[in-house]
Amino acid sequence: MVKQKNICVIGAGIAGLTTAKVFKARGHNVTILERSGDLGGVWEPARSYPEVQTQSPKDLYRYTDKPMPDSYPEWPNGPQVHAYLTDYAKHHGLMPRMRFDTTVVGMARRVSGLPGWTLKIQNPDSSAAQEDYDFVAVCTGQFNERRTLSISGEDDFKAAGGEILHSAQHTDSMLVKGKKVVVLGGSKSATDIAVNSVNAGASEVMMVYLEPVWRIPYFIGGLINFKRILYIRAQEEMFRAWGISAASRVAHAIAKPLVWANWRGLEVLLKFQLKLKKCDMVPTGRIEDGVNCSVPIATPGFFPMVADGRIRAIRGTFQRYDGKTIVMTGGERVDADVAILAIGFKLGVPFLPDAFRAKLVEADGQYRLYRFIANPDLPDMGFVGFNSSFCTVLCAEMAANWLVRYADRQLAKQPTADEMHKNIDMMLHFKRVERPAASVYGGLCVAPYHFKHFDELLDDMGATLRRRNPLAEKFTPPDADAYARFLASAPDYRVFAS
């Protein structure tokens with residue numbers, strides 16, 4: 001018999017919603033704490049820049065039990081994703097369990113000695129409270145705390161009428177109309193904002209970035225949806241993964257010339273399709289060495305705008321502000337009315353005590369998480385949404401289903417602490433030595449190993465179904481409906497109130 005627990009889910013984004021749903025479905029008491037005034041995480045309207053849309057197609061950006069509406073385009077926009085998440089929360093009865101404008105500011109093990117944690121909470125009225133929970137699911141994800149950039153001259157720039165915004169603060173395209181806009185960063189958010197600024201009527205648009213990176217268009221060669229090339233098991237198997245057998249290593253060695261030719265062919269195609277030479281944005285590294293969660297999708301219109309001068313691309317970064325001029329590291333000076341910092345977010349768990357954070361994060365920033373979800377030295381706790389990927393929603397849902405079983409000790413292969421530590425050490429070696437590209441985002445990037453990650457989770461859960469027919473499994477992207485069947489094939493159980 002599994003006892004009912006009081007569960008705290010921290011965060012009401014994609015990961016928090018599916019985690020709350022699966023714990024609730026098992027019969028646990030669930031409370032969702034969200035520091036913002038609305039659900040959705042990065043898709044909350046107050047955090048979304050104009051014309052934001054998903055990087056993944058809608059059939060890869062959905063929960064297993066809820067397709068996106070047929071009326072949605074292949075790549076839904078921000079308001080559509082937010083509406084989808086809101087509908088999901090209402091459908092599963094999660095809204096009454098949410099407490100908005102409520103921030104977790106600290107936590108400690110229960111002084112009573114009972115399992116679980118005491119959370120220090122700041123309520124909407126700024127009052128403080130302490131609440132006990134048997135299990136805590138941290139679902140704050142990869143995009144929680146904004147990165148900041150502090151350089152000299154900011155006050156003078158603002159005093160002269162300039163504005164400095166993080167990309168998450170840029171929610172109104174009218175802000176840039178008729179103005180000189182400088183976007184700092186090389187991510188998809190940076191290129192999205194640059195293109196949107198041109199379309200919104202900015203008088204000048206500049207994008208400042210460190211170095212060119214490979215970007216993938218929505219349709220490779222103008223014809224093939226990129227999900228049919230980069231999201232399939234056949235492509236994933238071109239990368240040597242962790243824990244493979246000696247026979248698999250030999251197979252990889254034999255196939256190496258063919259794999260090399262595959263990537264060189266893709267590079268040639270991308271150079272031609274995106275006009276990278278004309279834009280002076282040809283990356284120096286090999287495309288396969290950088291395939292991870294930071295590979296951006298090419299914003300439609302970005303490269304044509306760079307090619308014809310509507311967007312001026314400058315290599316470097318900000319050195320200082322000088323009045324309403326921004327001075328670059330290379331000495332170049334550009335006049336600006338608005339500086340938009342598309343510099344991303346900091347990965348972290350600020351409310352976790354230092355002693356526990358030291359057990360979670362290594363000195364080089366790599367996270368010690370078994371299956372990207374749990375750490376044996378942090379009992380009664382798990383992390384969902386930290387397994388960053390190209391198919392974010394499915395990854396979060398798979399992790400949530402694994403975590404509830406881990407918390408209830410209902411995994412078919414419930415790991416011991418020693419087994420978890422050994423696996424974590426093996427994975428850290430893989431990321432640091434065998435595939436350094438896997439070290440991005442604190443080593444929490446699943447891509448390009450989605451299928452292998454899902455295979456491991458399903459095996460742990462005891463699922464009797466794990467694969468579609470061989471042809472579909474090899475040459476089509478992950479299918480949410482299929483994974484619904486796979487999850488349903490794992491042993492069922494319910495918890496009982498004590």
Okay, side chain of [X], backbone of [Y]: is any donor-acceptor separation there less than 3.5 Å?
{"X": "Tyr449", "Y": "Arg240", "answer": "yes"}
{"X": "Arg99", "Y": "Thr31", "answer": "no"}
{"X": "Glu163", "Y": "Val338", "answer": "no"}
{"X": "Glu434", "Y": "Lys431", "answer": "no"}
{"X": "Lys278", "Y": "Phe303", "answer": "no"}
{"X": "Glu267", "Y": "Ile287", "answer": "yes"}
{"X": "Asp337", "Y": "Gly162", "answer": "no"}
{"X": "Gln319", "Y": "Val327", "answer": "no"}
{"X": "Thr191", "Y": "Lys188", "answer": "yes"}
{"X": "Glu211", "Y": "Gly316", "answer": "no"}

Derivation and outcome, side-chain contact (heavy atoms from CB on, under 4.5 Å), residues Leu17 and Met98
CA-CA 10 Å; Leu17 295 179; Met98 293 189 197; 3.3 Å; yes
Test side-chain contact (heavy atoms from CB on, under 4.5 Å) on Phe100 and Leu39 and set out the steps.
CA-CA 8 Å; Phe100 296 113; Leu39 60 80; 4.2 Å; yes
Going through the checks in order, is the salt bridge (Lys or Arg N to Asp or Glu O under 4.0 Å) test met by Glu362 and Arg368?
CA-CA 7 Å; Glu362 299 257 311; Arg368 294 188 61 83; 3.1 Å; yes
Looking at [X] and [Y], does any basic side-chain N land under 4.0 Å from a carboxylate oxygen?
{"X": "Arg333", "Y": "Asp322", "result": "yes"}
{"X": "Glu145", "Y": "Arg35", "result": "yes"}
{"X": "Glu204", "Y": "Lys179", "result": "no"}
{"X": "Lys452", "Y": "Asp455", "result": "no"}

Pairs satisfying side-chain hydrogen bond (donor to acceptor under 3.5 Å, both in side chains), at least one member in residues 61-79, at least two apart:
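Residue pairs with at least one partner in residues 61-79: Lys21-Asp65, Trp43-Tyr61, Arg62-Asp481, Thr64-Glu397, Asp65-His92, Lys66-Asp87, Glu74-Asn225, Glu74-Lys227.
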Side chains of [X] and [Y]: donor-acceptor distance under 3.5 Å anywhere?
{"X": "Asp335", "Y": "Thr325", "answer": "yes"}
{"X": "Tyr49", "Y": "Asn196", "answer": "no"}
{"X": "Trp242", "Y": "Glu456", "answer": "yes"}
{"X": "Thr54", "Y": "Ser56", "answer": "no"}

Heavy-atom pair with the smallest gap, counting every atom of [X] and [Y]:
{"X": "Leu60", "Y": "Cys391", "answer": "O-CB, 3.6 Å"}
{"X": "Ala396", "Y": "Ala15", "answer": "CB-CA, 4.0 Å"}
{"X": "Val440", "Y": "Cys445", "answer": "CG2-CB, 3.9 Å"}
{"X": "Val52", "Y": "Ser48", "answer": "CG1-CB, 3.8 Å"}
{"X": "Tyr321", "Y": "Gly153", "answer": "CB-O, 3.3 Å"}
{"X": "Gly185", "Y": "Tyr209", "answer": "O-CB, 3.8 Å"}

Between [Y] and [X], is there a side-chain heavy-atom distance shorter than 4.5 Å?
{"X": "Gln366", "Y": "Val361", "answer": "no"}
{"X": "Val104", "Y": "Val136", "answer": "no"}
{"X": "Arg228", "Y": "Phe475", "answer": "no"}
{"X": "Asp479", "Y": "Thr476", "answer": "no"}
{"X": "Met398", "Y": "Phe486", "answer": "no"}
{"X": "Phe454", "Y": "Val446", "answer": "no"}
{"X": "Pro50", "Y": "Thr171", "answer": "no"}
{"X": "Phe356", "Y": "Asn375", "answer": "no"}

How long is the span from the [atom1] atom in [X] to the [atom2] atom in [Y], to the nearest 0.5 Å?
{"X": "Ile314", "Y": "Met207", "atom1": "CD1", "atom2": "CE", "answer": "10.0 Å"}
{"X": "Asn401", "Y": "Thr18", "atom1": "CG", "atom2": "OG1", "answer": "6.5 Å"}
{"X": "Thr299", "Y": "Met305", "atom1": "OG1", "atom2": "CE", "answer": "10.0 Å"}
{"X": "Thr140", "Y": "Phe386", "atom1": "OG1", "atom2": "CZ", "answer": "3.5 Å"}
{"X": "Ile121", "Y": "Leu119", "atom1": "CD1", "atom2": "CG", "answer": "5.0 Å"}
{"X": "Ile232", "Y": "Glu473", "atom1": "CD1", "atom2": "CD", "answer": "11.5 Å"}

Stepwise side-chain contact (heavy atoms from CB on, under 4.5 Å) test for Asn262 and Gln235:
CA-CA 10 Å; Asn262 168 77; Gln235 188 78 285; 3.5 Å; yes
Can Arg310 be said to sit on top of Phe302's aromatic six-ring, NZ or CZ under 6.0 Å from centre and within 45° of the ring axis?
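No cation-pi geometry.
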Apply salt bridge (Lys or Arg N to Asp or Glu O under 4.0 Å) to Arg435 and Glu288, showing your working.
CA-CA 11 Å; Arg435 184 162 174 78; Glu288 67 268 33; over 6 Å; no
Is the ring centre of His91 less than 6.0 Å from the ring centre of Tyr84?
no
Candidate list Phe390, Phe372, Tyr483, Phe239, test ring pair (Phe, Tyr, Trp, His ring centres under 6.0 Å), partner His450, passing option:
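Going through the options one by one, the only one that passes is Phe390.
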Taking side chain to side chain donor-acceptor pair (under 3.5 Å) as the definition, give me every residue that meets it alongside Asp155, ordered by chain and number, with sequence neighbours left out.
none
Please report the C-alpha distance between Glu44 and Asp38 in whole Å, then the side-chain angles of each, then the deciding distance to 0.1 Å, and finally whether the side-chain contact (heavy atoms from CB on, under 4.5 Å) criterion is met.
CA-CA 6 Å; Glu44 181 192 359; Asp38 197 355; 3.9 Å; yes
Check the pair Tyr231 / Phe226 against ring pair (Phe, Tyr, Trp, His ring centres under 6.0 Å), numbers first and verdict last.
CA-CA 8 Å; Tyr231 280 35; Phe226 76 97; 5.5 Å; yes
